[in-house]
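Before any comments, here is the structure.
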Amino acid sequence: MKSPLIFLVSSVLFAISSIVHAQTPSVSLRVEQETKQSEPPGAKDHYTKTQKRTLKVFLTNSSKTETNVKIKYTFFGHAINSHETTAIDQGEKDATLKPSDTQEVDTPTSSQTYVEEHYPPKSKVKVPASGNKLTGYGVQVFVDDKLMGESYEPLSMKDLMGKAPAAAAAAPPAAKAPAKK
């Protein structure tokens, strides 16, 4: 039989851990991607393609308090004539999650157009490949600057998340100063 002191201490510790757990936000996420690939309207050939990708981020707040979250997302891709993957589009969205609720947050659509390398009919001149292809995504969810969840497709995108600026936002390389003689 437990002594009253041990019972009291264990009850107090249980009560403290319950209070701390109730106050700590607990957010989980699930990501679904909606992908469409098509030929752009008015395309005269079957070599020009447009990819459109939107992420549906489902956030579940399992705490008993309202929680503010920041969602950081990045779409990754590569130039059609290269296999070096970089960030193509990225952004942030804020959301307020009600207690014990699930909410869907959609990202803006990333759209990339590319042309496959080909020879046009009745021509011997090759048209080079150009444009960007989407290859993956990364999503991170933060509560008070603390990472609460993340999702990557493929998983290798985790290494690239946050390391490179988006291609559209990247500044051109600085001009080199002429060498002094």
(request) Go through the structure and list residues passing side chain to side chain donor-acceptor pair (under 3.5 Å) with Asn68, not counting sequence neighbours. (result) Thr96
(request) Evaluate the side-chain proximity of Tyr73 to Val31: yes if any heavy-atom separation is below 4.5 Å, no if none is. (result) no
(message) Checking the side chain of Gln112 only, and the main-chain atoms of Gln51 only, is there a donor and an acceptor separated by less than 3.5 Å?
(response) no
(message) Around atom NZ of Lys93, are there more than 12 heavy atoms from other residues, nucleotides or ligands closer than 6.0 Å?
(response) yes
(request) Please report the closest heavy-atom contact between Met161 and Gly138, naming both atoms and the distance. (result) CE-O, 3.5 Å
(request) Provide the closest heavy-atom pair for His46 versus Lys49 in the form atom of the first, atom of the second, distance. (result) O-NZ, 2.8 Å
(message) Test question: given the 4.5 Å side-chain rule for I, L, V, M, F, W and Y, name all other residues clustered with Leu147, or answer none.
(response) Phe142
(message) Which label fits Tyr47 and His118: parallel for a plane angle under 30°, tilted from 30 to 60°, or perpendicular past 60°?
(response) parallel
(message) Closer than 4.0 angstrom, basic N to acidic O: yes or no for Lys126 and Glu117?
(response) yes
(request) Only counting residues at least two apart or in another chain, list the ones meeting side-chain contact (heavy atoms from CB on, under 4.5 Å) with Lys56. (result) Glu32, Glu34, Phe58, Glu104, Asp106
(message) Just to verify, what does Ser156 make a side-chain contact (heavy atoms from CB on, under 4.5 Å) with, not counting sequence neighbours?
(response) Pro154
(message) Running the 4.5 Å side-chain criterion over Ile, Leu, Val, Met, Phe, Trp and Tyr, what cluster does Tyr119 land in, apart from itself?
(response) none
(request) Flag this pair as yes if the NZ/CZ of Lys133 is under 6.0 angstrom from the six-membered ring centre of Tyr114 and inside a 45 degree cone about the axis; otherwise no. (result) yes
(message) Checking side-chain polar atoms at under 3.5 Å, does Tyr137 have a donor or acceptor matched by the opposite partner on Gln90?
(response) no
(message) If you define the side chain from C-beta out and look only at heavy atoms, does anything of Thr67 sit under 4.5 Å from Thr65?
(response) yes
(request) For Lys70, enumerate each residue passing the side chain to side chain donor-acceptor pair (under 3.5 Å) test, keeping only those at least two apart in sequence or located in another chain. (result) Glu92
(message) If you define the side chain from C-beta out and look only at heavy atoms, does anything of Ser110 sit under 4.5 Å from Phe76?
(response) no
(request) State, to 0.1 Å, how close Gly136 and Arg53 come at their nearest heavy-atom pair, and which atoms those are. (result) N-NH1, 3.5 Å
(request) Please round to the nearest 0.5 Å and tell me the distance separating atom OG of Ser130 and atom CD of Glu116. (result) 10.5 Å
(request) Working to the nearest 0.5 Å, report the span between CD1 of Ile71 and CG of Asp94. (result) 8.0 Å
(message) Tell me the closest heavy-atom pair linking Glu84 and His78, and the distance in Å.
(response) O-CB, 3.4 Å
(request) Please determine, by modelled atom types, if Ser63 and Ser26 share a side-chain donor-acceptor pair under 3.5 angstrom. (result) no
